[in-house]
Number of protein chains: 2
Amino acid sequence: MWETGVTQILRKWREQGHTRLDCAKIVSTRTSRGGLDQWRWTVPTSANRSVSVKDVAAAAGVSLGTVSNVLNKPDRVSEATRQRVLAAMTDLGFVRNESARQLRSGVSRTLAYLMLDASNPFFTDVAAGIETEAETHGLTVVLCNSGSRGAREQAHLELFEQQRVQGLLVTPVDPDSPTLDAVARRGTPVVIVDRTRDDDSLCSVAVDDVLGGRIGIEHLLDRGHRRVAFIGGPADLGQVRDRLEGARSAWSDAGLDPEDLLTLRTEDLRVADGREAGQRLVGLPASRRPTAAFCVNDLIALGLLQQITQAGLRTPDDLAILGYDDIDYAAAAAVPLSSVRQPRQQLGRTAADLAMTEAAGGPHTHRRVLFTPELVARASTLG
Amino acid sequence: MWETGVTQILRKWREQGHTRLDCAKIVSTRTSRGGLDQWRWTVPTSANRSVSVKDVAAAAGVSLGTVSNVLNKPDRVSEATRQRVLAAMTDLGFVRNESARQLRSGVSRTLAYLMLDASNPFFTDVAAGIETEAETHGLTVVLCNSGSRGAREQAHLELFEQQRVQGLLVTPVDPDSPTLDAVARRGTPVVIVDRTRDDDSLCSVAVDDVLGGRIGIEHLLDRGHRRVAFIGGPADLGQVRDRLEGARSAWSDAGLDPEDLLTLRTEDLRVADGREAGQRLVGLPASRRPTAAFCVNDLIALGLLQQITQAGLRTPDDLAILGYDDIDYAAAAAVPLSSVRQPRQQLGRTAADLAMTEAAGGPHTHRRVLFTPELVARASTLG
DNA sequence: TTCGATGATTGAAACGTTTTAATCCGGAAC
DNA sequence: GTTCCGGATTAAAACGTTTCAATCATCGAA
């Protein structure tokens, strides 16, 4: 029986990575079986526990509840003890444990924004809008970046839900993803940013992309262009689809031949894709080459501008360029870029607002907010 | 005595916002005084409790500990029960409560990066580096933006510390701020990103700015410039100070008159500040105007480029421009911008790595990592 | 048969807060 | 002198996990 005990101890001991057995640490306990076949021992613990309200209470000579009151309802505690508690806190280096706070109170103080692409200034501007709105309500915003990757988006969504954030703003890879519905159904307010759904199953804030496409083409028509390229992709992206739809309808409304509205697809929406599109455009014989390009976002427009400039073409004389988003760098480009501007900051502010009102409880019906884009004409189309 | 009881009840009742008193809800309790002067009542609670492990356990017919094991040590539980528990989870829509998890286990699964300016692509690139490194270790990264505002930085630091993040990466407004030391002393690993301190009191990852300044000036000297403006501010910013120091020492090493290295201060480091500096530069008589400008970052360089182009000057013939950071938009500018490149992504990766090793425990000595910048010459200085 | 080993499962104790009913106490009102 | 009131304070019960010793069941070897 003694053997058994020792064997068991040694196994566990080894499992825990110990190499030497210190018998002084072994203490016997009795079991229901009546024998000495179970053992317990202590290991030296690196007593690095952090300071808790309990410690503060002890140091200040008050009860634990009073410390909590100092933190949460300062007016309920007399000035003298308040000072004493505050002093104890700084003395001991007390840091409130947010996990415990949130677990007990059930309320989180953060709003989350899951960005599609943090390197695109459009989304950081939206984020800035969210931040300003959240700040006025005393919430902090945490940002995450999916980088257009579904798996990462999924992982971030899960973590945010587990963290019980107050609201979850997201520019999703696919706005129709059922994951979003699942999250919302389980109780986290979800707001789709810069995308929409056809139904009203979730709150969303976006800009009227069909109208934006129309505005862009109308501007180019005004400037006399009759052979235009629409550059953008991927084809299944809602933004691209809608803007193209608007462009096409404006084009046909003007009674022009659909053939003359060339569509150039790109892999993605980055500067590199614009350069690549530029190469294809430059490769066309001058007679068939469009006189203007309407890019589905500014990054593509910038890449295009750079590429065709390198190839010796001039903007807007040889090729007028119209972008979309009006990011700060658009105005600072080699040839200041005309662009369709979206109210980015307001997009963020409104989204945050929707999330917070939904989180506040009360009767809620999902809202779909649609902003109107506006044309900003600069040298790249004016000449 | 009856009166007293009713008075007390009514007061509390009113405090809770009730307008009508439902006597059926009142239940008397006896107190130590023996009288009926204390009361208790129940209010209808909106039973909206979320699903917990307890519920899952009940549904699956196992104990609460087993559910936890399915979550954390799946190999310790038999396949059959594992499936049963998993099924119960999806049926009930169970979402693990991260607060409770972290409170009990004491371990957080997130790394935080507090950015100085989310709209500056330099920092989002650093963030991308952090993300890739963290991902390989199974951590998620949350981003926050201080927008160069000390108060907001402070608030975010506090929240992150309260959340007990595993590591806290920060590009601070002021790297010498004692707040950072305080946070680190209390146990959160802190890594300063893209800034350094003179002492080694914290881990930091940065790029050798003195060397960067030197490299920049040497390039301009190579191109034959003998009257150069160094543009940047604020003067008390470490980056600005160091790059200027490097620039000056390279200048004097070449045996040139310090007077000919003009210094133009700017308010901040944004595009608008570059434009403003451009106006001042254009205002100078051509004879005294520098032939090249070395800007302390690309945003200023872009603003400068835009402004002097508008004023009819040409780059690089009338004014060569050299930036710093080599952000993507530098290459895409009207005149592709020469720039001093910093290894942004690697900066982020290394910072994340430092934080995680410090968090892993064990003996730790703070490290100061310094990367070497490199010159990327483009049309804005080559012509 | 019995004992020991192994693997699956359970029960109960944490973790650090917030919440809330209860207590205490000095003073005002009767 | 009671009685009542209100403000300050306290004690104890949550919150939803993870952890870990203890138990249970099964099986192989002695």
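In what follows, every chain begins at residue 1, and chains take the letters A, B, ... in the order their sequences are listed.
Atom CZ of A:R101 is separated from atom P of C:dT19 by 8 Å (rounded to the nearest Å). For B:L103 and D:dC15, the CG to C1' distance is 9 Å, given to the nearest whole Å. Atom CG of A:D55 is separated from atom C1' of C:dC15 by 13 Å (rounded to the nearest Å). In this entry the distance linking CZ of B:R164 with P of C:dG16 reads 8 Å, nearest Å. Here the P atom of nucleotide C:dG16 and the CG atom of B:N97 are 16 Å apart, to the nearest Å.
A donor-acceptor contact closer than 3.5 angstrom is absent between the side chains of B:E158 and B:Q162. Defined by atom type and a distance below 3.5 Å, a donor-acceptor pair is missing between the side-chain atoms of A:D353 and A:T357.
No contact: B:S99 has no heavy atom under 4.0 Å from any strand. Backbone-only engagement by A:V77 is indicated by non-hydrogen atom pairs under 4.0 Å involving sugar-phosphate atoms exclusively.
Evaluation of the salt bridge (charged side-chain N to carboxylate O under 4.0 Å, His left out) test over residues 100-114 of chain B, restricted to residues two or more places apart or in two chains, returns B:E98-B:R101.
Between A:R152 and B:E135 there is a salt bridge, since a side-chain N of the basic residue sits under 4.0 Å from a carboxylate O of the acidic one.
The C1' atoms of five pairs define one axis at each end of the helix from C:dA5-D:dT26 to C:dC30-D:dG1, and these two axes lie 60° apart (to 10°).
Applying the salt bridge (Lys or Arg N to Asp or Glu O under 4.0 Å) criterion to A:R76, with sequence neighbours excluded, gives no partner residue. Remark: B:D181 engages B:R197 in a salt bridge (Lys or Arg N to Asp or Glu O under 4.0 Å) (not counting sequence neighbours). Not counting sequence neighbours, the partners of A:H364 by the ring-ring contact (aromatic ring centres under 6.0 Å, His included) test are A:H366.
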Using a cut-off of under 3.5 Å, enumerate the N/O to N/O pairs linking the protein to nucleotides 10-14 of chain D.
| residue | atom | partner | partner atom | Å |
| --- | --- | --- | --- | --- |
| D:dT10 | OP2 | A:S63 | N | 2.8 |
| D:dT10 | OP2 | A:S63 | OG | 3.2 |
| D:dT10 | OP2 | A:T66 | OG1 | 2.7 |
| D:dA14 | N3 | A:R104 | NH1 | 2.6 |

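Heavy-atom distances to DNA chain C give each of B:R76 and A:A100 a nearest nucleotide, and the one nearer the 5′ end belongs to B:R76. Nearest-nucleotide positions on DNA chain C place B:D75 closer to the 5' end than the other of B:S105 and B:D75.
Dashed line: the shortest gap from a side-chain N or O of A:S78 to OP1 or OP2 of D:dT9 is under 4.0 Å. Listed pair A:R96 / C:dT18 meets the phosphate criterion, a side-chain N or O lying under 4.0 Å from OP1 or OP2. For B:S68, no side-chain nitrogen or oxygen approaches OP1 or OP2 of D:dT17 to under 4.0 Å. For the OP1/OP2 pair of C:dT18 and a distance below 4.0 Å, the side-chain nitrogens and oxygens of A:N72 include at least one atom meeting the criterion.
Exactly one of A:L180, A:T179, A:V193 qualifies for a side-chain contact (heavy atoms from CB on, under 4.5 Å) with A:V170. That residue is A:L180.
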